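A, B, ... follow the sequence lines: proteins, then strands. Residue 1 opens every chain. Predicted, not measured: the structure shown is a model, and the values here were computed from it.
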Amino acid sequence: MIDRQEFRRSFDEMNAALARRGDDVVAPDSPWGKARTLDLTQRELKAEAETLQAERNRVSKLIGQKKGAGEDASAELAAMGKVSRRVKELESLAKDAEAAFSDELLEIPNPLHASVPDGSSEDDNIEIRRWGTPRTDTVPAHWDIGTDLGILDFEAGATLAGSRFTVLKGAAARLERGLMQFMLNTHVDTHGYEEVWVPAIVNRKTMTGTGQLPKFEDDLYKLEGEDAYLIPTAEVPVTNLYQDQILDAATLPRRHCAYTPCFRREAGSAGRDVRGMIRQHQFDKVELVHITTAERALTDLEELTGHAEAILQALELPYRMVELCSVDIGFSAQKTYDLEVWLPSQQCYREISSCSSFGQFQGRRAGIRYREEGGKPQAAATLNGSALAIGRTLVAILENGWQEDGSIKLPAVLHPYLGGIKSIVSNTLQA
RNA sequence: GGAGAGAUGGCUGAGUGGCCGAAAGCGCGCCCCUGCUAAGGGUGUAUAGGCUUAAACCUAUCGAGGGUUCGAAUCCCUCUCUCUCCGCCA
């Protein structure tokens, strides 16, 4: 959520920053376009109501005194009856205007950070660096590799739940579990994160705090008849761990990692990546979350991204890091780096991690604040990044580790997590 | 799912219609006294919004929402959450 004070005082600057996301974001009929009028209306109504309330409070006190002294207060009573009715009217109007204003505010995306490059499509994203040597020989798609080995069962997934669900068997299931362990251990033991285990179902307020709602309801699974949604990412419960709290600045940054399943309806991506397990309705992910100060947000982003990269490097997976351009950055983010892993079957890099700084955007929405010694509370900055999406990591391991004989060579760091075996030659793990 | 109890400031905990943004204690900040790792005294200590150069001032907030009233932490209604007991259960 944008800052109201800034909205009033620096309208033009904010307008410029928002316009970089696209002209439609600042169109007259957009939430941004409507917000200004609603704000003025709301403030006028409130000011008028407050003036009358002050009057009422003053006279009510007088009535109390008069009655206490046995004096007649009927004139005041009559006058205040009238004032009270008017106050009620004004309050009701002000409340409606305030609600309308707040609703629009929740639909306005985060103004981009000044360092974000301009662009008109994802093709304008900027490659920052590459790591590793991509293999260029012909490698089968992971769905063929996995089916041949008997470790990925797409039919079973479709039978049980529908398209975009996969059943992992034997070595694949163990690999999924091993990756989860390996990633969490690395972040806890090497990178110093505090691990948390959180609900995969959250309520509407929590979803609103991180920005998934109200705008992206269609992307979420909602539980019928309840105020409950399946989380699309651990970002939601982990960041909201601090909702409506005031943290001591000395305790920042708070850094958490968490494993959760993630659920996404993929409403807008019909027909894309329908084969294989690149794009699933349910997938596993280890997520990193930072709660930090506004000043530290950008340096923390570099650090957090580095922690995600460390996983790819340890797994010996070639990847590149790209900085998203102005039109490709998500609603709540102010700046984003994507990590893309090399998929030999497609001969291209595919997103496996997205690391973003949200500035104070989520902090304001979720009421996460911190206080410097003797200072006023201010909205905390939040960051998060996948480290990594486990399903896609499994895909990358299958394809990058694929051998001519159909077996899969496994990265050395995973051996201890897989009972010591070094390769997959069937749906059972072999030494 | 059934029955009961409760929700007040960083914490504990008073407060059943006005003098309550809220006693008292604890904790914490600053000052003083004491000159030694005891204690004492004073003072301050919520959040948001409005108006302001600033201070002052005004408004709102005692789980949430609605109602009664000139006036509600206090009365009424609805909801949420927590705790205890019973039932069920991985």
**Student:** Just the table, please: protein N/O against nucleotides 17-20 of chain B N/O, every pair under 3.5 Å.
**Tutor:**
| residue | atom | partner | partner atom | Å |
| --- | --- | --- | --- | --- |
| B:G18 | N2 | A:Ser60 | O | 2.9 |

**Student:** If pairs are Watson-Crick or G-U with both distances under 3.5 Å, what is the dot-bracket string of RNA chain B, marking crossing pairs with [ ] and pairs to another strand with |?
**Tutor:** ((((((((.[[[..)..(.....]]]((((((.......))))))(((((......))))).[[[[[..)....]]]]])))))))....

**Student:** Side-chain N or O of A:Arg369 less than 4.0 angstrom from OP1 or OP2 on B:A48?
**Tutor:**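 Result: yes.
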
**Student:** Could you state the atom-to-atom distance from CZ of A:Arg56 to P of B:C70 in whole Å?
**Tutor:**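 Atom-to-atom, A:Arg56 to B:C70, this comes out as 11 Å.
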
**Student:** What integer number of Å spans the C1' atoms of B:A54 and B:U43?
**Tutor:**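 Straight-line distance between the two C1' atoms is 23 Å.
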
**Student:** For atom P, what is the distance between B:A7 and B:G42, given to the nearest Å?
**Tutor:**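 Per the computed distance, 33 Å lies between those P atoms.
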
**Student:** Expressed as a whole number of Å, how far does the C1' atom of B:A73 sit from that of B:C20?
**Tutor:**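 Each nucleotide's C1' atom is 8 Å from the other's.
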
**Student:** Please determine if A:Arg20 and A:Asp118 form a salt bridge, counting it only when a charged side-chain N lies under 4.0 Å from a carboxylate O.
**Tutor:**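 Looking at A:Arg20 and A:Asp118, the cut-off is met.
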
**Student:** Under 4.0 Å from OP1 or OP2 of B:G10: is there any side-chain N or O of A:Arg371 that close?
**Tutor:**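 Answer no for this pair, as no side-chain N or O of A:Arg371 is under 4.0 Å from OP1 or OP2.
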
**Student:** Can a side chain N or O of A:Gln5 be found less than 4.0 Å away from OP1 or OP2 on B:G50?
**Tutor:**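 Answer yes for this pair, as a side-chain N or O of A:Gln5 is under 4.0 Å from OP1 or OP2.
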
**Student:** Can you tell me if CD on A:Glu155 sees more than 12 non-hydrogen neighbours from other groups inside 6.0 Å?
**Tutor:**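 Not more than 12 within 6.0 Å, no.
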
**Student:** Just the rounded figure in Å: distance from P of B:C70 to CD of A:Glu71.
**Tutor:**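 In whole Å, B:C70 P and A:Glu71 CD are 20 Å from each other.
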
**Student:** Determine the Euclidean distance between corresponding C1' atoms of B:A48 and B:C31; express it in Å to zero decimal places.
**Tutor:**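 To the nearest whole Å, 31 Å.
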
**Student:** Whole Å only: how far is the CD atom of A:Glu55 from the C1' atom of B:C70?
**Tutor:**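 These atoms are roughly 11 Å apart.
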
**Student:** So does A:Glu266 pair up with A:Arg279, basic N to acidic O under 4.0 Å?
**Tutor:**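 A salt bridge is present here (some side-chain N lies under 4.0 Å from a carboxylate O).
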
**Student:** In whole Å, measure the gap between the C1' atoms of B:G27 and B:C81 for me.
**Tutor:**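 Approximately 27 Å lies between the C1' atom of B:G27 and that of B:C81.
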
**Student:** Can you tell me how far C1' of B:U68 sits from CE of A:Met80, to the nearest Å?
**Tutor:**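 Whole-Å distance recorded here is 19 Å.
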
**Student:** Specify the separation, in whole Å, of atom CZ of A:Phe7 and atom P of B:G50.
**Tutor:**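 Going from CZ in A:Phe7 over to P in B:G50 covers 13 Å.
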
**Student:** Does A:Ser84 make a side-chain N or O approach to OP1 or OP2 of B:G71 shorter than 4.0 Å?
**Tutor:**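 So the side-chain polar atoms of A:Ser84 do come within 4.0 Å of the phosphate oxygens OP1 or OP2 of B:G71, strictly under.
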
**Student:** Please state whether the phosphate of B:A60, meaning OP1 or OP2, lies under 4.0 angstrom from any side-chain nitrogen or oxygen of A:Asn57.
**Tutor:**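 Checking A:Asn57 against B:A60: at least one side-chain N or O falls below 4.0 Å of OP1 or OP2.
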
**Student:** Rounding to an integer number of angstrom, what distance separates B:U53 and B:U34 when you compare their C1' atoms?
**Tutor:**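 The same atom, C1', in both gives a distance of 44 Å.
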
**Student:** Looking at B:C51, B:U59, B:C70, which one has an atom nearest to any side-chain atom of A:Leu77?
**Tutor:**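 Of all the options, the side chain of A:Leu77 is nearest to B:C70.
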
**Student:** For B:G65 and B:A60, measure between their P atoms and round to the nearest Å.
**Tutor:**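 Per the computed distance, 14 Å lies between those P atoms.
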
**Student:** Could you measure between the two C1' atoms, the one in B:G18 and the one in B:G9, and give it in whole Å?
**Tutor:**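 Those two atoms are separated by 22 Å.
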
**Student:** So which nucleotide from B:C58, B:U47, B:G71 ends up closest to the side chain of A:Pro377?
**Tutor:**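 Looking only at heavy atoms from C-beta outward on A:Pro377, the closest nucleotide is B:U47.
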
**Student:** What is the distance from CD of A:Gln42 to C1' of B:A48, rounded to the nearest Å?
**Tutor:**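 Distance, rounded to whole Å: 12 Å.
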
**Student:** A:Arg204 has an atom CZ; how far is it from atom P of B:U80, in whole Å?
**Tutor:**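 Answer to the nearest Å: 17 Å.
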
**Student:** What heavy-atom pair brings A:Ile63 and A:Ala73 nearest, and what distance separates the two atoms?
**Tutor:**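 Looking at all heavy atoms of both residues, the closest pair is CG2-CB, 4.2 Å.
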
**Student:** Check this for me: does any side-chain nitrogen of one of A:Glu48 and A:Arg86 sit under 4.0 Å from a carboxylate oxygen of the other?
**Tutor:**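 Answer for the salt bridge query: yes.
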
**Student:** Between A:Arg255 and A:Glu303, is there a side-chain heavy-atom distance shorter than 4.5 Å?
**Tutor:**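 With C-beta onward as the side chain, the pair touches.
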
**Student:** Answer yes or no: does a side-chain N or O of A:Arg8 lie under 4.0 Å from OP1 or OP2 of B:G50?
**Tutor:**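 So the side chain of A:Arg8 is within the cut-off, an N or O lying under 4.0 Å from OP1 or OP2 of B:G50.
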
**Student:** Under 6.0 Å between the ring centres of A:Tyr370 and A:Tyr242?
**Tutor:**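 When the ring centroids of A:Tyr370 and A:Tyr242 are compared, they turn out to be at least 6.0 Å apart.
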
**Student:** With a 6.0 Å cut-off on the ring centroids, do A:His415 and A:Phe182 count as close?
**Tutor:**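 Centroid separation for A:His415 and A:Phe182: 6.0 Å or greater.
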
